[in-house]
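None of the values given here were measured: they were computed from a predicted structure. In what follows, every heavy atom counts, from backbone to side chain, and hydrogens, waters and symmetry copies are set aside. Per chain, numbering begins at 1; letters A, B, ... match sequence-line order.
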There are 2 protein chains.
Amino acid sequence: MARRGRIGEFELIARYFAPLARAFEGAGNLQSDNAFLAADPRHDLVVKTDTVVAGVHFLADESPQRVAAKALRVCLSDLAAGGATPFVYQLSLALPEHWTETWLAGFARGLAADQRRYGILLCGGDTVVTPGPLTVTITAFGRVARGKGIGRGGATAGDDLWVSGTVGDGALGLLTAQGRLPDLTTRQRGFLEDRYRLPQPRTALGHRLVGIATATADVSDGLLADAGHIADASRLAVTIERDDVPLSAGGRAAVKADPRLWANVLGGGDDYELVVAVPSRKRSALLAAASAAGIAVTRIGSFARGSGVTVTVAGRAVAAPRKGYVHF
Amino acid sequence: MARRGRIGEFELIARYFAPLARAFEGAGNLQSDNAFLAADPRHDLVVKTDTVVAGVHFLADESPQRVAAKALRVCLSDLAAGGATPFVYQLSLALPEHWTETWLAGFARGLAADQRRYGILLCGGDTVVTPGPLTVTITAFGRVARGKGIGRGGATAGDDLWVSGTVGDGALGLLTAQGRLPDLTTRQRGFLEDRYRLPQPRTALGHRLVGIATATADVSDGLLADAGHIADASRLAVTIERDDVPLSAGGRAAVKADPRLWANVLGGGDDYELVVAVPSRKRSALLAAASAAGIAVTRIGSFARGSGVTVTVAGRAVAAPRKGYVHF
């Protein structure tokens with residue numbers, strides 16, 4: 001393993017990062033400080049920056065491949081919510097002083113694997129050494145047809161609220177990784193922990209929502225919080241029927257064993273599913289898009305005049321659990 | 001002063017950052033995760049990411065206004081080197097656990113002042129808390145006429161090497177701030193320290209170099225290193241006549257008192273001047289551009305077939321001092 005100082009920044013970039021940028025001409029093989037993104041009259045750019053810190057946003061002992069994947073995918077999830085198809089990203093890597101080339105090589109392999117998986121390329125960035133924990137900032141760029149990007153503020157009263165995949169796995173997966181859900185089966189625990197450690201951004205669905213969804217968000221802060229963000233930005237109220245929320249087998253087992261875990265399922269973050277506002281006349285188009293993407297979608301509620309988030313059980317409002325992941 | 005937890009992330013964004021993004025429609029008032037950059041067929045985008053860490057890239061006791069300015073300006077300097085006019089930026093802020101609203105308010109004021117100064121707007125980002133030091137990552141976006149961006153690799157044999165402003169002030173300013181140049185006058189020390197603490201990116205000059213410069217870089221790693229980056233990327237050799245390198249009054253006094261400081265002047269970083277390769281037939285155009293920008297430029301050398309960086313004194317090659325700031 002290399003020690004600090006064994007290779008310089010330029011050699012590090014040439015060895016580990018330039019290969020990730022080779023196919024994007026505007027990156028100039030990372031020999032230039034700047035990336036050049038050619039003018040594209042047919043598309044708007046969608047841009048998102050996310051920072052993840054070791055011990056805060058991922059477990060401090062996480063493998064470098066999974067750190068790379070998590071850092072990238074939380075950004076790709078936002079681009080998917082915007083209806084965009086990702087194509088390049090900038091990487092800022094703040095390495096702790098004890099970094100090794102072994103770690104860096106694994107990190108670069110993780111990036112390379114996700115570049116193939118999502119069809120994206122590195123286009124630039126920065127590398128520094130920090131006395132603090134490993135900190136990774138990704139700025140990801142997607143394309144959406146001109147004027148067609150999807151925001152949070154477009155929902156209208158009467159729209160249905162849909163969600164992709166299953167909800168709550170991220171928060172339950174963190175509990176599992178911390179050894180706090182011992183009664184689940186090994187398989188359930190493995191599934192949930194994977195869901196926490198390795199987000200699966202819904203990039204196959206996001207771009208297909210253009211022209212169908214009136215508003216979208218990804219479930220990063222928690223279902224209630226993120227549905228609430230759409231409601232707030234659209235100046236509407238949203239109601240969610242709790243028992244319509246799609247759960248994985250592990251999620252069902254967890255809330256059956258301890259109903260207090262509904263707070264984690266509805267309020268926890270890190271699911272990286274999409275919550276989507278869709279007018280009822282677009283329902284069949286949504287189902288066709290989801291089918292084409294190979295991703296299940298479930299109707300879980302609706303928007304109405306008013307404000308705030310209401311959770312119902314069998315149609316009756318219940319006290320909502322905590323309102324989502326609090327960053328500070 | 002606020003304590004940790006006094007305000008949440010959404011309130012923090014609404015109070016301190018949304019005002020900085022209000023005039024850029026694609027930022028959606030920072031209520032959406034994504035920024036939308038409208039298609040622009042006349043311009044390419046130039047993108048640069050830089051990360052600065054407290055105690056590494058700026059003094060740990062630096063004022064929040066100056067941290068904001070430094071973080072922004074090191075990026076704007078790169079955009080200037082690319083021939084671009086900056087217009088928006090993304091901000092990732094990793095706040096140490098003991099952050100206060102007083103600090104944050106000062107940081108936002110610093111951003112606001114530089115937004116006015118450089119005609120730029122915030123368009124999105126991320127805010128997290130870190131157990132490590134304050135870490136600021138800026139991804140800045142500039143526009144350059146389609147196909148006209150300036151990189152490092154375009155210099156040709158026979159081009160002259162020019163530099164803007166004065167060189168070495170950044171490295172000498174750091175020494176001054178550390179109390180290591182006590183023999184300079186108070187005024188000289190104040191000037192040098194300001195040059196280190198508060199970069200003055202040459203944005204007024206950069207966009208005027210389009211069609212004049214064949215290659216550019218900003219002096220962030222050190223004059224020799226950055227001129228060398230142009231030479232390497234252009235597959236050429238570069239020769240710099242040491243006594244043609246423009247120095248400030250403080251710089252002249254410093255190397256006169258201790259000629260060993262030439263190593264800091266030529267090898268140190270943080271000047272944020274532009275080094276520019278210009279064919280001799282474009283000399284008058286360069287001088288007109290510099291005059292229009294109100295920034296002095298000085299011819300300090302030339303490019304030739306070969307490789308590497310040579311420093312001459314009265315035309316004779318001398319041993320080059322250390323080759324520039326080493327990041328790791």
Side-chain angles (χ1 to χ4, degrees), chain A residues 4-5 7-9 12 28 31-53 55-57 78-79 81-82 84 90-92 94 123-133 135 137 139 144 146 149 151-153 217-218 229 232-233 326-328, chain B residues 4-5 7-9 12 28 31-53 55-57 78-79 81-82 84 90-92 94 123-133 135 137 139 144 146 149 151-153 217-218 229 232-233 326-328:
Chain A
R4 180 184 176 201
I7 60 172
E9 185 183 20
L12 179 162
Q31 288 199 313
S32 182
D33 279 322
N34 293 312
F36 293 92
L37 273 56
D40 177 350
R42 291 174 301 125
H43 293 99
D44 294 333
L45 278 183
V46 185
V47 183
K48 179 62 170 73
T49 296
D50 269 305
T51 295
V52 293
V53 180
V56 179
H57 303 93
D78 281 308
L79 295 189
Q90 297 240 316
L91 166 70
S92 163
C123 73
D126 196 11
T127 311
V128 300
V129 169
T130 176
T135 303
T137 299
T139 299
V144 66
R146 194 167 181 168
R152 283 175 173 171
D218 74 328
H229 296 156
D232 290 349
V326 176
H327 291 267
F328 293 147
Chain B
R4 179 183 175 201
I7 61 172
E9 186 183 19
L12 180 161
Q31 288 199 312
S32 183
D33 279 321
N34 294 312
F36 294 92
L37 273 54
D40 177 350
R42 292 174 299 126
H43 293 99
D44 294 333
L45 278 183
V46 184
V47 183
K48 179 62 169 69
T49 297
D50 268 306
T51 295
V52 293
V53 179
V56 180
H57 303 92
D78 282 308
L79 295 188
Q90 296 240 317
L91 165 71
S92 163
C123 74
D126 196 10
T127 311
V128 301
V129 169
T130 176
T135 303
T137 299
T139 299
V144 66
R146 195 168 181 168
R152 284 176 174 169
D218 72 329
H229 297 155
D232 290 349
V326 176
H327 291 268
F328 293 148

For the interface with chain A, which of [options] has the highest count of heavy-atom pairs at distances below 4.5 Å?
options	answer
B:S92, B:A39, B:G132	B:A39
B:G153, B:A84, B:P133, B:A81	B:P133
B:P131, B:G55, B:G151	B:P131
B:A38, B:C123, B:G28, B:A217	B:A38
B:G82, B:A35, B:A233, B:S32	B:A35

Would you say B:N34 and A:L79 make side-chain contact, with heavy atoms under 4.5 Å? yes
Look at A:V47, A:L37, A:D40 and state which one has the largest set of heavy-atom pairs under 4.5 Å with chain B. A:V47
Relative to chain B, which of A:D218, A:V144, A:V46 shows the most heavy atom pairs under 4.5 Å? A:V46
In this structure, CG of A:L45 is separated from CZ of A:R146 (nearest 0.5 Å) by 12.0 Å
Rounded distance [0.5 Å steps], CG in A:D50 versus OG1 in A:T137: 8.5 Å
Pick one of side chain, backbone, both or neither for B:H229, based on which atoms fall under 4.5 Å of a heavy atom in chain A. side chain
Taking side-chain hydrogen bond (donor to acceptor under 3.5 Å, both in side chains) as the definition, give me every residue that meets it alongside A:D33, ordered by chain and number, with sequence neighbours left out. B:R152
Check side-chain contact (heavy atoms from CB on, under 4.5 Å) between A:T135 and all other residues, then give those that pass, not counting sequence neighbours. A:T51, A:V53, A:A94
Verify whether one side chain among A:Q90 and A:T139 offers a donor that lies under 3.5 Å from an acceptor in the other. no
